[in-house]
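Below is one structure, written out as structure tokens; comments come after it.
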There are 2 protein chains.
Amino acid sequence: MLHSDLAHSTQDCEACPIRHRAVCARCDADELQVLEGIKYYRSFEAGQTVVWAGDRMDFVGSVVSGVATLTQTMEDGRTQMVGLLLPSDFVGRPGRDGAAYDVVATTNLVICCFRKKPFEQLMETTPHIAQRLLQMTLDELDAAREWMLVLGRKTAREKIASLLAIVARRDATLNLLTPNGKLVFDLPMTREAMSDYLGLTLETVSRQMSALKRDGVIVLEGTRHITVPDFSRLLEEAGDDSDGGMLS
Amino acid sequence: MLHSDLAHSTQDCEACPIRHRAVCARCDADELQVLEGIKYYRSFEAGQTVVWAGDRMDFVGSVVSGVATLTQTMEDGRTQMVGLLLPSDFVGRPGRDGAAYDVVATTNLVICCFRKKPFEQLMETTPHIAQRLLQMTLDELDAAREWMLVLGRKTAREKIASLLAIVARRDATLNLLTPNGKLVFDLPMTREAMSDYLGLTLETVSRQMSALKRDGVIVLEGTRHITVPDFSRLLEEAGDDSDGGMLS
DNA sequence: GGGTCTCCTTGACCCAGATCAAACCGACAC
DNA sequence: GTGTCGGTTTGATCTGGGTCAAGGAGACCC
């Protein structure tokens, strides 16, 4: 599971708290030094685009804070979000120059970047980086496939519940433990972004959010701040088996 | 792009024509010897299940011939196919014991398996195997994300056309070149399997196949044998940009 | 205060695709 | 030939979610 790994690396590696999850699990002094030499930080404001699909991308990196999304757009304007990047997630693709998707900051965002060329060289000389990246990519692949089930077979209500469950779980793991099964978090996205993720319209998202609120599955303060009184209830609504299926 | 790689390895590596695409791009004698020692073949008939989700899986491998599918099932029986495995595709996940999805042979199927433990050890001592596997996994991730767009935003007709385009492209690359822009291939799946892949019902699949036939986008002989008189027309119907977007 | 953004909610209506049901079409067995 | 069985097609009807349209609710500025 991802987050135990994250916690592990956060403790183990002083030089790279959350930032180099991809590489710090077993990093030694030499590698760290190389990494320090090729890294830099970039900040974005909510709404800014990090890269457009097709643009040259001369770095890889990981999200330090904030949330970014990967989206694909058809010529006629239909868009589908294909990835949600939360802190510690990896950005970019070694071995390819152009970005495959639009990467957009949905909140204020900080990325820790590594210049791509030297990073790729480091990958070649340091086997466990590729191994680590492989594990992360396999996790992402599992998440993408999980999402295919959501997109292909779930109802609007189940889709919303699934999204809330994912965000709640990640947020809870990163920030606060659940006091008594109750979960509190902020949605890092607009209704429109939710609809792009779920393959719905923004109106349907809004209606289903209202319905989940009416039925007591969630408590809404404003439009973003959410309390989940009973997480297992939320998972039921998502149509997931007991643990939510998003372990990996 | 996958297939050039495949062609490359098919030529370069006598000991593993199509079979070890994952590892043969730069294999040397020692590695090949190890691989020979831990490999074996398994055959399945159309309809047989290779593994059930959750079952222990003590091998990884690649498809030699035939077609297999990865599917997820919800408790109430709704199913979504999350992957289509064609010859040369990798099966299984290093570093995990249980299968994450049902793997089912949809045609007669031969898999070249490597016992997992020794394969994982080989991965640790042979950096380029992990690197190669990483590239393959990144390709699969791109394919999965492409499919998220199909599932989330495309109409039934576009979905069908997208599926046909994928199968046609892979089949054409593996077998026969297009003589004059015309493409001939056999669908390796039932209407029901198509519906599971596309997030539709089997009836809708059938109707849209009939519609594409009526409109001259495809020519059907029987239910499986398909001729595509104009591939670019098919891509248009799929709503893809000119090259179909499934390059990677 | 009022004006004007952006984001969100709610209502009324419509349609693509689901559902239910019947029939069709080889292939294979007897 | 007849039976039957899996896969497929086609028709009739229903419905979840899309579309169009009208307000609401903050946030920010003047």
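Summarising the geometry, the separation between CD on A/Glu158 and P on D/dG16 is reported as 12 Å, rounded to the nearest angstrom. In this structure, the CD atom of A/Glu221 is 13 Å from the P atom of D/dG26, given to the nearest Å. Straight-line distance from the CZ atom of B/Arg153 to the P atom of D/dG17: 13 Å, rounded to whole Å. Residue B/Leu200 contributes atom CG, which lies 16 Å from atom C1' of D/dT8 at whole-angstrom precision. Note: CZ (B/Arg224) to P (D/dG7) measures 9 Å, nearest angstrom. Atom NZ in B/Lys213 sits about 13 Å away from atom P in D/dT8, given to the nearest Å. At whole-Å resolution of the value, CD1 in B/Ile160 and P in D/dT8 are 12 Å apart.
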Can you tabulate the close N/O pairs, meaning under 3.5 Å, that link protein atoms to atoms of nucleotides 10-12 of chain D?
residue	atom	partner	partner atom	Å
D/dT10	OP2	B/Ser210	OG	2.8
D/dG11	N7	B/Arg207	NH1	2.9
D/dG11	O6	B/Arg207	NH2	3.2
D/dA12	N6	B/Arg207	NH2	3.4

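For the atom pair B/Leu84 CG and B/Thr71 OG1, the distance stands at 11.5 Å (nearest 0.5 Å). Rounding to the nearest 0.5 angstrom, the gap separating the OG1 atom in B/Thr79 from the CG atom in B/Asp102 is 9.0 Å. To the nearest 0.5 angstrom, A/Thr73 atom OG1 is 10.5 Å from B/Arg153 atom CZ. Atom CD in A/Glu146 sits 11.0 Å away from atom CG in A/Leu151 (nearest 0.5 Å). Between atom CZ of residue A/Arg191 and atom OG of residue A/Ser195 there is a gap of 10.5 Å, rounded to the nearest 0.5 Å.
Contact annotation: the side chain of B/Arg93 never approaches that of B/Met57 to less than 4.5 Å [non-hydrogen atoms, C-beta and beyond].
Remark: A/Glu192 CD is loosely packed, at most 12 non-hydrogen atoms of other residues, nucleotides or ligands lying under 6.0 Å away.
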Assess the residue pair A/Arg56 and A/Asp97 against the criterion (salt bridge (charged side-chain N to carboxylate O under 4.0 Å, His left out)); give the C-alpha distance rounded to whole Å, side-chain angles, the decisive distance to 0.1 Å, and a yes or no. CA-CA 6 Å; A/Arg56 226 184 112 63; A/Asp97 276 346; 3.4 Å; yes
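Residue A/Thr201 is classed as a base contact, given a heavy-atom separation below 4.0 Å to a base. Using a 4.0 Å heavy-atom cutoff across all strands shown, A/Gly199 reaches sugar-phosphate atoms only and no base atom.
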Show the atom names and distances, to 0.1 Å, of all donor-acceptor pairs under 3.5 Å that link a side chain in residues 204-220 of chain A to residues at least two apart or in another chain.
residue	atom	partner	partner atom	Å
A/Thr204	OG1	A/Thr201	OG1	3.1
A/Ser210	OG	A/Ser206	O	3.1
A/Asp215	OD2	A/Arg157	NH2	2.2

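Along DNA chain C, read 5' to 3', the first and last nucleotides having any atom under 4.0 Å from a heavy atom of chain A are C/dC8 to C/dA12.
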